[in-house]
Amino acid sequence: MPKPAYISEILSGRYSNEEVFIRGWLHNKRSSGGIHFLIVRDGTGVIQCTMKKDKVDSSVFEEAKKLTLESTLELMGVVREDKRAPGGYEVHVSDLRVINRAKDGFPIAKKYHGPDFLLDNRHLWIRSQKMQRILRIRAEFLKAAREWLDENGFTEFHAPTLITAACEGGATLFSVRYFDKTAYLTQSWQLYAEAAIASLGKIYTIAPSFRAEKSKTRRHLTEFWHLEVEVPWCDLEGIMKIEEELLFHVIRRLCEKPSTIRDLEALGRSPSDLLKAEPPFPRITYDEAVEILNRDGIKFEWGNDLGWIEEKHLTLKFDKPFFVTHYPRRAKAFYHKPDPNRPEVTLSADLLAPEGYGEITGGGQRIDDENELLERIKENNLNPNDYEWYIDLRRWGSVPHAGFGLGVERTIMWICKLSHIRDAIAFPRLLNRVYP
Ligand code: ATP
Ligand code: MG
């Protein structure tokens with residue numbers, strides 16, 4: 001019995017001229033005369049397997065001829081280097097066993113399908129090369145982010161998903177029946193993170209956040225993955241440094257692994273564009289952003305949050321991510337710390353990705369004083385009773401602290417050069433979609 005081998009190992013040249021045994025799905029197939037070209041996928045890669053009529057039993061050759069797409073197979077054969085084969089290697093098949101013969105007419109055909117059809121068939125579409133590449137890059141992204149955070153002394157911490165009080169404003173809360181009470185799905189770990197820094201110091205989480213986003217945009221999901229960081233004894237400048245170093249570490253990792261480089265390039269993203277994101281990232285203030293917009297003829301009122309149109313315009317002026325700092329207090333959630341030198345703005349920063357992508361992180365310094373917090377809670381028409389435990393944190397060992405939240409799909413969207421956020425996640429949750 002030959003060695004079981006993964007396709008990625010074969011494509012790396014490890015089994016040249018050896019006999020191997022591979023298992024996978026029939027991704028594609030064509031025949032010409034006495035040869036079948038079986039394109040097989042196993043989750044690690046895709047390889048061409050050629051079956052010549054005179055090299056296998058005639059029953060095997062006949063079975064391969066009738067084989068349906070997405071059937072599962074076990075194949076045996078010898079690995080040969082071949083410049084003409086995609087990936088540079090192919091398997092010369094000596095035997096084939098069909099494990100599960102797929103039904104005829106796999107719904108995803110080699111033709112144009114509209115986005116709704118692909119979303120309805122998402123459970124099958126995630127097998128496509130495009131989705132495989134994105135999902136692999138996403139996994140590499142999170143692995144590299146964890147690596148940097150762990151190496152720099154951050155502890156992973158988990159906050160609850162079922163909560164009772166809003167942190168990003170009530171309009172986008174999903175409510176759930178919690179026995180005889182109402183609870184909500186979390187929008188961010190924010191309030192709990194501020195409790196946990198007094199226990200663990202520097203912390204991070206990678207977890208889903210939920211927001212009932214009622215408008216259709218290309219960059220909002222109702223369930224997204226949130227990479228959040230919170231740091232005691234840290235100010236606005238300190239947290240921006242952490243963000244840029246973390247992001248650049250991840251980009252460097254993605255751009256040094258040959259298989260990830262191949263995935264990026266196949267998606268139309270050149271690694272050299274990403275590698276421009278070397279720290280320090282440019283910083284402009286919100287005021288400067290408004291000035292640029294007004295100068296360029298885009299009507300925008302000071303005090304509002306920057307929307308997609310404004311962000312898009314600003315991002316076209318940069319070729320790497322950049323920070324917009326000091327947002328007005330009315331544009332930011334209640335826990336953002338007002339600037340002591342200019343209380344109408346906050347010590348906040350959003351990180352915007354270039355090329356029209358816009359906001360990928362939001363963060364800044366948090367309020368550490370009890371009275372200031374109470375003032376901001378009232379100003380936002382929130383009920384202090386709902387936040388009693390959170391206010392408590394300012395009574396028992398308060399420290400200056402800062403943090404940020406990075407939208408994983410927003411960042412993957414930019415890294416993979418996607419035109420819609422739905423493709424940055426396997427099963428997107430959108431205004432009109434929770435199935436499959
Ligand atoms: P936006 O103004 O784009 O709605 P936000 O200001 O509401 O974003 P934050 O509350 O600062 O966003 O959340 C932190 C990060 O989480 C954002 O920078 C973004 O990357 C991501 N994010 C926020 N809402 C969504 C969403 N609905 N879908 C996907 N990612 C999101
Ligand atoms: Mg929002």
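Both counts, for ligands and for their atoms, begin at 1 and track the order of listing. We use all heavy atoms of the structure for the numbers below, so side chains are in, but hydrogens, waters and symmetry mates are not.
Arg422 has no carboxylate O lying under 4.0 Å from a charged side-chain N of Glu409, or vice versa, which leaves the two without a salt bridge. Taking 4.0 Å as the cut-off between side-chain N and carboxylate O, Arg342 and Asp287 count as a salt-bridged pair. Salt bridge Arg329/Glu344: absent, no basic N to carboxylate O contact under 4.0 Å.
For ligand 1, the atoms closer than 4.0 angstrom to any heavy atom of Gly407 are 15 (C), 16 (O), 20 (O), 21 (C). Counting atoms of ligand 1 from 1 in the listed order, those under 4.0 Å from a heavy atom of Glu213 are 24 (N), 26 (C), 27 (N). The atoms of ligand 1 that sit less than 4.0 Å from any heavy atom of Glu168 are 10 (O). Atom numbering of ligand 1 starts at 1 in the shown order; those under 4.0 Å from a heavy atom of Gly362 are 11 (O), 18 (O). Near Thr361, meaning under 4.0 Å from one of its heavy atoms, ligand 1 places the atoms 18 (O).
In this comparison of Arg211, Glu223, Gln187, the heavy atom closest to atom 10 (O) of ligand 1 sits on Arg211. Considering each of Arg429, His226, Glu359, His220, the one bringing a non-hydrogen atom nearest atom 6 (O) of ligand 1 is Glu359. Remark: among candidates Thr411, Ile360, Thr222, Leu306, the nearest residue to atom 20 (O) of ligand 1 is Ile360, based on non-hydrogen atoms.
Residue, atom and distance of the protein heavy atom nearest to atom 15 (C) of ligand 1 are Gly405 O, 3.5 Å. With hydrogens left out, the protein atom closest to atom 28 (N) of ligand 1 is Leu221 N, 2.9 Å, a heavy atom. The shortest contact between atom 19 (C) of ligand 1 and any protein heavy atom is with Arg410 NH1, 3.5 Å.
Contacts with ligand 1 closer than 4.0 Å are made by side-chain heavy atoms of Ile421 only, the backbone lying farther away.
A donor and an acceptor atom, one from each side chain of Arg211 and His226, are nowhere located under 3.5 Å apart. Residues Gln365 and His401 bring no donor and acceptor atom of their side chains to less than 3.5 Å of each other.
By the 6.0 Å and 45° rule, Arg394 stacks over the aromatic ring of Tyr390.
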Practice problem: Evaluate the side chain to side chain donor-acceptor pair (under 3.5 Å) criterion for residues Tyr335 and Asn380: first the C-alpha distance (whole Å), next the side-chain angles of each, then the deciding distance (0.1 Å), finally the verdict. | Solution: CA-CA 10 Å; Tyr335 53 78; Asn380 282 271; over 6 Å; no

Practice problem: Would you sort out whether Arg253 and Glu147 count as a salt bridge (charged side-chain N to carboxylate O under 4.0 Å, His left out), showing the intermediate values? | Solution: CA-CA 10 Å; Arg253 275 277 178 272; Glu147 177 184 76; 2.7 Å; yes

Quiz item: Should Asp423 and Arg218 be marked as a salt bridge (charged side-chain N to carboxylate O under 4.0 Å, His left out) after you check the CA-CA gap, both sets of side-chain angles, and the distance that decides it?
Solution: CA-CA 10 Å; Asp423 287 333; Arg218 292 176 164 266; over 6 Å; no

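Taking distance alone, with nitrogen or oxygen atoms compared against 3.5 Å, Phe224 stays at or beyond that limit from ligand 1.
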